[in-house]
There are 2 protein chains.
Amino acid sequence: MTDTPPRTRIQQRNRETILGAALEVFSQHGFRGATLDQIAQAAGLSKPNLLYYFPSKEAMHEALLAGLMDTWLAPLRALDPGGEPLDEILGYVHRKLLLSRDFPRESRLFANEILQGAERIRPTLEGELKTLVDQTAAVISGWAREGRIAPVDPYHLIFSIWALTQHYADFDVQVRAVLGPGKDDPFDGADRYLATLFSRLLTP
Amino acid sequence: MTDTPPRTRIQQRNRETILGAALEVFSQHGFRGATLDQIAQAAGLSKPNLLYYFPSKEAMHEALLAGLMDTWLAPLRALDPGGEPLDEILGYVHRKLLLSRDFPRESRLFANEILQGAERIRPTLEGELKTLVDQTAAVISGWAREGRIAPVDPYHLIFSIWALTQHYADFDVQVRAVLGPGKDDPFDGADRYLATLFSRLLTP
DNA sequence: GTCTATACCTAGATAGAC
DNA sequence: GTCTATCTAGGTATAGAC
């Protein structure tokens, strides 16, 4: 998607440093809220130097979003239509939760984008994402028809998995505020809770 | 919370017009992304006139957030510890979903705020919200101990209700992109799905 | 490749006429 | 109370030296 023409090692390294800093700042403040000053400081580079590597602030943002989509859809692609239905779905939930735990900034970048209308990624949502979800929904419906899981609306099942797993990354501040300090990592509790929730829903 | 000193009718009306316009713009673009020009246009007033009614952009935002919290917590407060446990919880889910359907802008305003660190409302989260959730969690734990619902982590149960209901407002764009045009209202499907989901989880 | 200096614009807020 | 005009800060991007 993003072309990555041959570069020197130092160029590669700086590009990655900048994208890391940009992810940090964009995910916390949104596109408009982020400033090049903040990104430059986080990257340890000067502001003009950022613009030597990327033509504009917009270009940094696009590079991040383009790289993100594949990572984000990987767990869903990994769902095996030939596997044991309940295991496959619980495995998907687990992998998606780990993704939220390990990549919260990516999750928030994505959430910011959707929340604010998804202007930049709507084509991907209506194309690549919809196609993948349609395929997966067909698999799940098949499992339900065969009686291997309880009858369920496959689309809302998938939405609920997204909502629940991403909530722990995107609303992390609220989760921690409510749980208070000194509790276990919210993700541990979530992992157990979600396994129970979907087992009960889907066991025939 | 927000003091509303005696005003003329026209003042009241203009304040409300402005807040409505501000909600529209803030919820779509976030605080930083919103501009006074946009709000002024949405309100049909001039930019300086906005600042006659509110001392600053920040003040508009605070007025919205202050008014929002009560509305947002009302369905949880309405949960009756003396009621039939499953009915009470399913009723809460239903009311919360209706709130998302009927007040999506408020939901997104709140989501933007949490997502970006909740600087302005963290005290409320750690105070009023935590207290209310702690109380409700105690009630739910009691029900579980008495065997009136299945054993469940009450905090994660509440988080999951928030995540699922708000998802349909906050990620509306994504939901509609995936479902495609011409389908039923996502909220109808969600209502049925969530009732099933929580019935199965909580039935002893 | 990286810096300093700066151009240029957008956007929040104010002054003052009406 | 509402407007036009304007001030000012901050932010993106560029020029040009090193």
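These figures come from a predicted structure and were not determined experimentally.
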**Euclidean distance, atom OH of residue A:Y53 to atom C1' of D:dA13 [Å, nearest integer]** = 18 Å
**Request:** Determine, stepwise, if the pair B:E128 / B:R77 fulfils salt bridge (Lys or Arg N to Asp or Glu O under 4.0 Å).
**Result:** CA-CA 12 Å; B:E128 194 179 359; B:R77 292 193 205 283; 2.9 Å; yes
**Request:** Ignoring backbone atoms, test whether B:N14 places a side-chain nitrogen or oxygen under 4.0 Å from the OP1 or OP2 oxygen of D:dG1.
**Result:** no
**Message:** Quick check on D:dT14: is either OP1 or OP2 less than 4.0 Å from any side-chain nitrogen or oxygen of A:Y52?
**Reply:** no
**Request:** Measure the acute angle between the ring planes of B:F26 and B:H61, then classify it against the limits of 30° and 60° as parallel, tilted or perpendicular.
**Result:** perpendicular
**Prompt:** By side-chain contact (heavy atoms from CB on, under 4.5 Å), which residues pair with A:Q41, not counting sequence neighbours?
**Reply:** none
**Fill in**
Here the distance between atom P of D:dG11 and atom NE2 of A:H61, to the nearest Å, is 17 Å
**Message:** According to side-chain contact (heavy atoms from CB on, under 4.5 Å), who are the partners of A:D185, at least two apart in sequence or on a separate chain?
**Reply:** A:R101, A:R176, A:F187, A:D188
**Request:** Measure from the side-chain heavy atoms of B:S46 and tell me the nearest of C:dG1, D:dC3, C:dT4.
**Result:** D:dC3
**Request:** Nearest whole angstrom, please: distance from the P of D:dT14 to the CG of A:L50.
**Result:** 13 Å
**Request:** Among the candidates C:dG1, D:dG1, D:dT2, find the nucleotide nearest to the side-chain atoms of B:T8.
**Result:** D:dG1
**Fill in**
Quick tally for nucleotides 12-18 of chain C: nucleotides whose base has a protein heavy atom under 4.0 Å get B, sugar-phosphate-only ones S, the rest -, giving BBB----
**Request:** State which residues pass side-chain contact (heavy atoms from CB on, under 4.5 Å) with A:E16; sequence neighbours excluded, sorted by chain then number.
**Result:** A:Q12
**Prompt:** For B:Q41 and D:dC3, what is the distance between atoms CD and C1' respectively, to the nearest whole Å?
**Reply:** 17 Å
**Request:** Could you pull out all residues at least two apart from B:E24 that satisfy salt bridge (charged side-chain N to carboxylate O under 4.0 Å, His left out)?
**Result:** B:R105
**Request:** Scan A:F54 against the nucleic acid and name what it touches under 4.0 Å (heavy atoms): base, sugar-phosphate only, or nothing.
**Result:** nothing
**Item:** side-chain hydrogen bond (donor to acceptor under 3.5 Å, both in side chains) partners for B:S107, two or more places apart
**Value:** B:D170
**Asked** Over how many whole Å does the gap from B:I18 atom CD1 to D:dG1 atom P extend?
**Response** 12 Å
**Prompt:** Can you find a side chain N or O atom of A:N49 that sits less than 4.0 Å from OP1 or OP2 on C:dC3?
**Reply:** yes
